[in-house]
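Please read the structure below before turning to the comments.
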Number of protein chains: 2
Amino acid sequence: MVEDFKEKFREFLETEDLKFTSEREAILEKIFSIHYHFDADDLVFMLRGGKKRVSKATVYRTLDLLVKSNLIIEHQLGDKKKIYEHVLGHSHHDHLICLYCSKTIEFDEPMIEDFQDRVCEKLKFIPERHSLKIFGKCQFCQKKSKP
Amino acid sequence: MVEDFKEKFREFLETEDLKFTSEREAILEKIFSIHYHFDADDLVFMLRGGKKRVSKATVYRTLDLLVKSNLIIEHQLGDKKKIYEHVLGHSHHDHLICLYCSKTIEFDEPMIEDFQDRVCEKLKFIPERHSLKIFGKCQFCQKKSKP
DNA sequence: GTATCTGCAAATTCTTTGCAATGTC
DNA sequence: GACATTGCAAAGAATTTGCAGATAC
């Protein structure tokens, strides 16, 4: 399973005349073992103690390559950090973000695609992807704030 | 017109036990004279040569207050900078962002609100606001890339 | 008068980059 | 063996913060 993605990455690198290094392999393996989103620093931390030491700079550089090769997706959820997630068994989804505890909840609502196409047709824009974030109060924080 | 917003800001500051300073006034006046979005640095630059010199730190601090008082809206459109826009005569809208020239186009599609409510009801989330960005190719860049 | 504000420069946070040593094909 | 890649530490970009003097109420 992960091997398929490794192969895809290898192919991508080849078409770009880049090399499949052990650092890149270690990063890819780690990413596909994570089944939620993560940021660059999470990844650096999780790679410590693994079979290969990887520097922060290399993590950033490799994340860019993985985004370009469509093996991972990049989001700007909060203010500062970018977060990432791999595409394995993950169809497109959007996010609810709790303003009180910062928890994020994924949701999937295919109708948004129709909506996107309708808007874009009107405005003669060719959509490639979208990002919908709904900010509000999650179930847990609703309970917490009740008397 | 701008005076109304000045009054609202003054009231907001009062409820928070904060002061209506000449710097805050100058920033607010300048913002309401801009009819498109801007970032913190744009604002610092535009304030140079105005009736009041205002430092970058104060601009950042005042932008936060204006967001809290609902007189301006903050967006994270690109990667790094936050951009802002005032609410005067501006109902809620979302953005198309061209991946080729970075131009942003505003659009307004009230149906998105229904959509938001439907999703949130299912997930027991109380929505407060949302941000929808559609990335793709604008009309101009479509023409440019044709032979 | 007193507590908030301001400007400055230094600190922070996340990310990118230059360079010499290293590794891949 | 050539050229991409790595790690490091330094640079960069946007934003925040600590502090001493200035200002609003």
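The side chain of B/Thr21 places an N or O atom within less than 4.0 Å of a non-bridging phosphate oxygen (OP1 or OP2) of C/dT6. For A/Arg24, no side-chain nitrogen or oxygen approaches OP1 or OP2 of C/dT24 to under 4.0 Å.
Between B/Ile31 and B/Leu63, the shortest heavy-atom distance links the atoms CD1-CD2, 3.9 Å.
Rounded to an integer number of Å, the gap from A/Lys19 NZ to D/dG1 C1' is 10 Å.
Using cut-offs of 30° and 60° on the angle between ring planes, the pair B/Phe115 and A/Phe107 is tilted. Using a 30° and 60° split on the angle between ring planes, B/Phe20 and B/Phe9 fall in the perpendicular class, above 60°.
For an aromatic pair to be called close, the ring centres must be under 6.0 Å apart, and B/His75 with B/His37 fails this.
Each of C/dT6, D/dA13, D/dT15 was ranked by its minimum atom distance to the side chain of B/Lys80; first place goes to D/dA13. Side chain of B/Lys82, nearest nucleotide from C/dC5, D/dT15, D/dA24: D/dT15.
Using a 4.0 Å cut-off on heavy atoms, the residues of residues 57-70 of chain A that approach DNA chain D are A/Ala57, A/Thr58, A/Arg61, listed by number.
A/Lys133 places a side-chain N or O within donor-acceptor distance of the main-chain N or O of A/Gln76, the cut-off being under 3.5 Å.
Nearest-nucleotide mapping onto DNA chain D: of A/Val54 and B/Glu23, the residue sitting toward the 5' end is A/Val54.
If you check distances only, the side chain of A/Lys56 never reaches the base of D/dC8 with a donor-acceptor pair under 3.5 Å.
A cation-pi contact links B/Lys8 to B/Phe5, judged by a cut-off of 6.0 Å to the six-membered ring centre and 45° from its axis.
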